Number of protein chains: 2
Amino acid sequence: MSERGGDRSLSQTVRAQLALRDMILAGRLRAGERISELQAVDITGVSRTPVRMALVRLEDEGLLQAIPSGGFMVKAFSERDILDSIELRGTMEGLAARLAAERGASARQLEPLKECLADIDELVQQDPLSVEAFSAYVALNARFHAQLDELCGSAPVIRQIERVAALPFASPSAFVMAQSALPEAHQILMIAQDHHRIVIDAIENREGGRAEAVMREHARLAVRNLRLALRSRSHLELLPALALITQAADK
Amino acid sequence: MSERGGDRSLSQTVRAQLALRDMILAGRLRAGERISELQAVDITGVSRTPVRMALVRLEDEGLLQAIPSGGFMVKAFSERDILDSIELRGTMEGLAARLAAERGASARQLEPLKECLADIDELVQQDPLSVEAFSAYVALNARFHAQLDELCGSAPVIRQIERVAALPFASPSAFVMAQSALPEAHQILMIAQDHHRIVIDAIENREGGRAEAVMREHARLAVRNLRLALRSRSHLELLPALALITQAADK
DNA sequence: CCGGCCGTTCCTGTATACAATCTGAACTCA
DNA sequence: TGAGTTCAGATTGTATACAGGAACGGCCGG
């Protein structure tokens with residue numbers, strides 16, 4: 001237990017990146033706060049070179065912001081930034097779905113999607129969903145979205161979707177865990193699953209407009225989840241990403 | 001003339017980044033080719049640390065691709081990647097225009113846009129457009145798009161648009177210069193300007209759907225430009241970005 | 001008492017040395 | 001002859017030393 005960063009098979013750069021990201025998401029580095037390289041060295045236990053690399057990577061991941069005079073600070077997000085990021089993801093996933101529909105997807109390509117669909121179906125059948133069920137849903141949901149995005153067959157589109165979804169509050173499953181204690185949870189999950197089913201149907205029938213529209217609306221479920229969670233103030237500790245929100249983001 | 005990289009006021013990292021990007025865009029580093037740090041040091045004349053930084057930045061700019069075992073290679077793009085990137089930009093600019101329309105833009109905000117519109121009007125009035133006029137158009141067009149994107153008031157949206165437009169073949173003015181010798185040039189420019197006018201009108205009247213649709217179609221003009229230029233095979237030297245296209249992009 | 005100037009201190013940007021890993025080729029053995 | 005192995009070269013990942021510059025505090029002058 002002499003090394004601090006955990007698994008020694010990872011490169012120092014990746015280790016530093018993970019450690020710093022965890023710190024930021026945990027809210028231990030507050031938004032707007034300048035994060036010096038030396039400080040990051042102390043946190044991560046690696047030397048300045050990989051720390052520097054990790055900071056650059058976190059910057060274009062969107063969690064850090066470069067300071068003109070040099071160095072980085074933790075980026076501040078407004079609530080609106082979050083909503084816009086979700087809308088942005090929905091728009092791009094809508095594009096991906098439309099392209100998939102217009103260009104056609106073979107039965108072979110659709111098969112894993114349908115399997116995923118069935119798995120989720122089975123999951124949401126249980127009426128009182130356990131926390132473990134929510135966890136499983138998050139994983140399956142992520143897989144479904146990834147496979148769906150792949151269907152468009154366009155590397156640039158996939159790349160951009162991944163970039164947006166890398167933000168902790170814009171990923172398809174960002175606020176799923178937050179609803180695990182809400183009464184509306186089960187209903188929302190079933191609606192989400194209906195969207196999943198519809199988009200596959202639309203792609204199968206080459207209905208590009210329908211596929212696009214449903215994916216856009218699908219993303220907006222995340223907004224509903226977020227609003228519900230914020231309103232009921234329940235289990236906010238399940239949303240570490242909210243530490244990044246500032247009431248008045250300077251921008 | 002002792003220094004190689006040019007302006008000494010820029011940081012070594014930026015200098016290396018510019019030099020390497022120029023080399024790539026000029027096609028002097030072919031797509032798929034591995035680019036070693038030492039080689040980059042030779043090219044740029046700076047030491048390995050800033051070179052490494054520049055390589056990382058060029059990777060998330062999208063021009064380079066990380067090799068699993070370490071290092072980077074010049075990214076290869078298919079013709080379809082280019083078309084998809086343009087569609088992607090159109091989709092996101094459409095989102096920005098829709099948001100601007102839905103959220104409303106004040107007369108004060110719209111004023112610079114209208115000025116830009118008038119400037120372009122004046123430019124496209126000349127019937128045989130000079131090469132200088134095309135250059136001026138590129139600048140004005142870039143300004144118009146930047147201001148339009150800003151109108152949505154959403155930092156995440158603007159950020160993503162900029163990331164896509166950073167690709168040399170996806171920017172709003174990527175293929176304008178290529179048409180400077182085409183007979184259809186003047187007509188296309190006038191159509192583009194009509195799109196500009198329509199989107200402003202739509203935003204002014206809070207017609208979100210119309211604003212979005214016209215921006216999507218507007219981006220597709222770039223596809224037409226590209227196709228025309230490729231078909232006529234004229235002035236391909238005006239399109240340095242095409243050096244990145246490979247017939248069969250390995251992906 | 002307040003504002004501007006100067007020095008100190010910390011921080012980032014850059015260069016380079018070292019270590020570990022990967023690549024490639026030649027050589028040997030079945 | 002072909003495949004496996006081992007060794008050499010090169011290349012990347014990491015650490016650290018050094019230099020330039022910016023932020024901060026104290027001091028002096030008004």
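Computed from a prediction, not measured in an experiment: that's the story for all the values here. Within every chain, numbering begins at 1; the chains are lettered A, B, ... in the order of the sequence lines, protein sequences first and strands thereafter.
Classified by interplanar angle (parallel below 30°, tilted 30° to 60°, perpendicular above 60°), the ring pair B/His218/B/His145 is parallel.
At distances below 3.5 Å, not a single donor-acceptor pair connects side-chain atoms of A/Gln147 with backbone N or O atoms of A/Phe144. Side-chain N or O atoms of A/Arg89 include none that pairs as donor or acceptor with a backbone N or O of A/Ala165 at under 3.5 Å. Judged by distance alone, the side chain of A/Glu33 and the main-chain N or O of A/Arg30 form a donor-acceptor pair under 3.5 Å. In this structure a side-chain-to-backbone donor-acceptor pair under 3.5 Å is present from B/Asp81 to B/Ser78.
Axis deviation across the helix from C/dC1-D/dG30 to C/dA30-D/dT1 amounts to 10°, comparing end segments of five pairs, rounded to 10 degrees.
On the nucleic acid side, DNA chain D has its first and last nucleotide under 4.0 Å of a heavy atom of chain A at D/dT14 to D/dA23, going 5' to 3'.
The number of heavy atoms from other shown groups lying within 6.0 Å of CZ (B/Arg28) does not exceed 12. In the displayed structure, A/Arg103 atom CZ is contacted under 6.0 Å by more than 12 heavy atoms of other residues, nucleotides or ligands.
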Report all side-chain donor-acceptor pairs from residues 52-63 of chain B shorter than 3.5 Å, counting only partners two or more places apart or in another chain.
{"from": "B/Arg52", "atom 1": "NH1", "to": "B/Glu37", "atom 2": "OE2", "distance (Å)": "2.2"}
{"from": "B/Arg57", "atom 1": "NH2", "to": "A/Glu59", "atom 2": "OE1", "distance (Å)": "3.1"}
{"from": "B/Glu59", "atom 1": "OE1", "to": "A/Arg57", "atom 2": "NH2", "distance (Å)": "3.1"}
{"from": "B/Glu61", "atom 1": "OE1", "to": "B/Gln17", "atom 2": "NE2", "distance (Å)": "3.3"}
{"from": "B/Glu61", "atom 1": "OE1", "to": "B/Arg21", "atom 2": "NH1", "distance (Å)": "2.9"}
{"from": "B/Glu61", "atom 1": "OE2", "to": "B/Arg21", "atom 2": "NH1", "distance (Å)": "2.5"}

query = For every nucleotide of nucleotides 4-11 of chain C, 5' to 3': is a protein heavy atom under 4.0 Å from its base (B), only from its sugar-phosphate (S), or from neither (-)?
reply = -------S

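With 3.5 Å as the limit, one finds no donor-acceptor pair spanning the side chains of B/Arg163 and B/Gln160.
For A/Val138, the side-chain contact (heavy atoms from CB on, under 4.5 Å) partners at least two apart in sequence or on another chain are A/Ser173, A/Val176, A/Met177.
The pair B/Asp119-B/Arg143 counts as a salt bridge, with a side-chain nitrogen and a carboxylate oxygen less than 4.0 angstrom apart.
No side-chain heavy atom of B/Thr91 sits less than 4.5 Å from a side-chain heavy atom of A/Val157.
Contact check of residues 48-55 of chain B against DNA chain C (heavy atom, cut-off under 4.0 Å) returns B/Arg48, B/Thr49, B/Pro50.
Considering only side-chain N and O atoms, B/Ser69 lies under 4.0 angstrom from the phosphate OP1 or OP2 of C/dT23.
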